[in-house]
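FYI, side chains are in, hydrogens and waters are out, and symmetry mates aren't considered; it's all heavy atoms of this structure. Naming: A, B, ... by sequence-line order, numbering from 1 per chain. Quick caveat, the model's predicted, so the values are computed rather than measured.
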Amino acid sequence: MDLKGRLSQALKNVLPDGVDAEILWTVPKHVDQGDLSTNVAMLLAKQLKRPPREIATEFLGQVEWADFGIERAEVAGPGFINLFIGPGHYQGVVRDILNHGRDYGSSNEGNGKKVLVEFVSANPTGPLNVVSARAAAIGDSIVRVLRKAGYEGMGEFYVNDAGRQVRRLGLSVLAHARGQEVPEDGYHGEYVREIAEALFPDGTTPPQDADPDEFGHEAAMLNLAKQKEVLASYGVEFDRWFHESELHGSDAPMQTLEKLRELDAVYEKEGAVWFAGTRFGDQEDRVIVTSEGRPTYLLPDIAYHVDKLSRADVIVDLLGPDHHDYVGRMQAALKALGHDGKLEVIIVQQVHLKEGGEKVKMSKRAGKLVTLEELVDDVGRDVARYFFLQRRTSTPLDFDLDLAKEQSDRNPVYYVQYAHTRICGILRQDGCPEPSADADLSPLTASEEIELIKHLEQFGLQCARAAEAYEPQRLVGYLADLATRFHKFYTACHVIGVEPATSLARATLIQAAEIVLAEGLSLLGVSAPERM
RNA sequence: GCGCCAGUAGCUCAACUGGAUAGAGCACCGGCCUUCUAAGCCGGCGGUUCGGGGUUCAAGUCCCUGCUGGCGUACCA
């Protein structure tokens with residue numbers, strides 16, 4: 001059991017008979033408030049009908065704090081119990097990191113729970129845009145963090161290869177190849193021309209009876225191949241690419257419809273079949289089979305979610321801002337099918353690119369888009385991913401292209417990477433002792449050393465929290481803080497050229513910091529360079 | 001109209017899920033390189049957490065209400 005757990009147990013042992021409380025330890029904001037703090041006395045004040053400070057004082061006297069490596073314990077403020085941890089504990093943390101290596105910070109918080117995260121899932125009708133770039137960075141990082149925290153995380157991309165947009169793509173490509181005007185509701189980007197040239201090289205033209213569905217599908221597969229390639233170079237991996245066409249092959253949508261019929265969750269009106277979403281919390285009922293007898297997108301989508309739930313305990317959808325209204329109907333559908341509470345939807349908000357202080361104008365209609373590929377070519381993979389992961393997913397993001405391209409101290413990515421680089425630089429030096437878990441770490445007592453270690457110790461907790469809340473941006477903040485602690489240490493404490501015992505202990509400490517920085521950055525999909 | 005997301009320093013954002021004195025970066029001002037990379041460190045400036053009620057020992061955080069901004073509101077996906 002870790003220190004917090006053992007301390008909680010000790011406190012529970014001194015609670016009055018018949019009284020129980022959950023004891024939570026937090027790290028106070030100010031150093032003069034100690035290293036760990038609990039508010040348990042305040043929580044019990046009402047129940048015990050006594051002032052919180054009085055209760056805290058009583059508890060304080062009943063625990064042998066020194067047994068836990070606590071140097072000092074005191075009652076503070078309205079009734080907090082604050083503990084000041086001695087250096088011995090922190091030296092143990094460093095040893096722990098060296099012993100566990102990159103596995104340090106892993107936990108079983110998720111208890112093996114299967115979490116399937118669906119993200120990007122862009123239509124195969126064109127290149128990936130910047131919102132997909134944001135979703136890709138976030139989704140991929142969520143999966144990595146989930147695994148770190150003991151969940152079985154899976155990443156999945158839903159390929160929408162069976163809808164009517166595929167036919168529209170086919171019509172657009174055929175029109176282009178014939179030198180005709182692309183239809184108004186077609187696709188107008190430059191890539192349409194490229195696909196047309198790939199399918200009809202050297203001035204060949206499509207046959208008169210060319211099937212738009214067939215060529216649409218070929219074009220879609222070319223787009224998909226390109227999307228896969230771009231995502232791979234962006235460092236984003238999927239465990240599965242699920243094609244909508246697979247679903248139709250297995251007749252899953254029709255089975256889902258039958259199931260909904262049996263549950264009496266659908267009805268007919270004006271020749272169409274409606275899902276009675278309002279009975280399950282949606283804003284309005286939705287058509288799932290049109291009056292022409294064709295299923296709408298909703299039916300296969302429900303079938304797909306049911307399929308995912310057969311493979312996972314919880315499913316997470318990362319959706320673009322244009323799919324806001326989709327949430328209610330899918331939640332309602334799953335509720336109707338007995339899967340209430342198993343779908344978590346995260347809306348990835350809009351990305352506004354800014355250059356020279358101006359918003360970069362993007363128009364889908366005219367095909368004027370900044371693609372993921374262009375963005376990565378422009379600013380690099382590390383910068384792009386870091387920028388996307390910095391902000392909370394649910395808020396729109398201004399992406400400052402000038403700042404992103406700047407190779408300077410203004411660019412926050414380098415701040416974290418530079419900490420890692422500096423460590424590698426020291427460890428590379430001839431005069432640097434070999435870090436070792438067996439080293440005597442008692443020389444580590446300086447405040448810069450202890451502050452650094454305190455932060456390293458938080459890594460596992462931060463990973464667990466980021467995983468549980470599906471919020472990888474927490475980790476970005478954590479790593480930036482960690483880098484700060486390291487840079488302060490670097491400025492204050494020399495590793496090489498000091499007294500040998502200190503030198504060895506510090507080399508071991510920075511090795512520990514290197515491990516956590518490298519592992520943390522890899523959870524973000526950002527590289528940890530040895531030289532910059 | 002209805003629904004979602006947001007509103008915290010001049011700007012971009014934090015705040016460990018209800019805790020103590022609301023913190024960083026950028027910008028602006030001033031310091032620190034003959035020793036491990038100055039892509040760094042130190043100091044200064046900067047706040048009615050959009051307004052108004054409420055819940056309680058305690059509210060930026062939860063509830064109600066109003067205001068502002070973004071997005072969405074198809075028998076498209």
A/Lys46 side chain N/O closer than 4.0 Å to the phosphate oxygens (OP1, OP2) of B/C57? yes

When you measure from the side chain of A/Met532, which nucleotide among B/A39, B/C36, B/A20 comes out closest? B/A39

Is it true that A/Phe486 and A/His420 have ring centroids separated by less than 6.0 Å? no

Does the structure show a Watson-Crick or G-U wobble partner for B/G69, both distances under 3.5 Å? Name it, or say none. B/C5

Can you check the A/Gln462 CD to B/A14 P distance for me, whole Å? 14 Å

Under a 4.0 Å threshold between the charged nitrogen and the carboxylate oxygen, would A/Glu451 count as salt-bridged to A/Lys454? yes

Report the nucleotide, chosen from B/G72, B/C36, B/U17, that has the shortest atom-to-atom distance to any side-chain atom of A/Arg474. B/U17

B/C33, syn or anti by chi within 90 degrees of zero: syn

Out of B/C36, B/C75, B/A77, which has the shortest distance to the side chain of A/Glu244? B/A77

B/A27 -> Watson-Crick or G-U wobble partner, both distances under 3.5 Å, gives none

Closest listed nucleotide, where the reference is the side chain of A/Asn123 and the choices are B/C36, B/U56, B/A77: B/A77

Side chains of A/Tyr297 and A/Asn160: donor-acceptor distance under 3.5 Å anywhere? no

Choose from B/C76, B/G19, B/U56 the nucleotide whose nearest atom is closest to any side-chain atom of A/Met42. B/G19

pair_partner(B/U61), Watson-Crick or wobble, both distances < 3.5 Å, evaluates to none

Is the number of heavy atoms from other residues, nucleotides or ligands under 6.0 Å of A/Glu499 CD greater than 12? yes

Less than 4.0 angstrom between a side-chain N/O of A/Tyr415 and OP1 or OP2 of B/C41, yes or no? yes

Under 5.5 Å centre to centre and under 30° between planes: does that hold for A/Phe80 and the six-membered base ring of B/A20? yes

In terms of side-chain heavy atoms of A/Thr26, which of B/A38, B/U17, B/A77 is nearest? B/U17

Side chain of A/Leu43 (C-beta onward), nearest among B/G19, B/C36, B/A77: B/G19

Walk me through whether A/Arg164 and A/Asp185 qualify under salt bridge (Lys or Arg N to Asp or Glu O under 4.0 Å). CA-CA 11 Å; A/Arg164 287 202 294 179; A/Asp185 65 346; over 6 Å; no

Just confirming the chi classification of B/U17, syn or anti, using 90° around 0 as the syn window. syn

So A/Phe387 and A/Phe399, would you call those rings parallel, tilted or perpendicular, with 30° and 60° as cut-offs? tilted

Please report the distance separating the P of B/A27 from the corresponding atom of B/A39, rounded so that it comes out in whole Å. 15 Å

Would you say A/Tyr490 reaches B/A38's phosphate, i.e. side-chain N/O to OP1/OP2 under 4.0 Å? yes

Span that lies between the P atom of B/G7 and that of B/C16, in whole angstrom: 14 Å

Can you figure out which of B/C16, B/A39, B/A20 approaches the side chain of A/Val27 most closely? B/C16

Nucleotide nearest A/Arg391 when distance is taken to its side chain, options B/A20, B/U12, B/G40: B/U12

Does B/A15 have a Watson-Crick or wobble mate here (both distances under 3.5 Å), and if so which one? none

Quote, to the nearest angstrom, the C1' distance that separates B/C63 from B/A59. 12 Å

Would you please confirm or rule out a distance under 4.0 Å between OP1 or OP2 of B/C16 and any side-chain N or O of A/Arg465? no

Protein-proximity profile, nucleotides 2-8 of chain B, B/S/- by nucleotide at the 4.0 Å heavy-atom cutoff, equals SBBSS--

Which listed nucleotide (B/A77, B/A20, B/U21) is nearest to the side chain of A/His30? B/U21

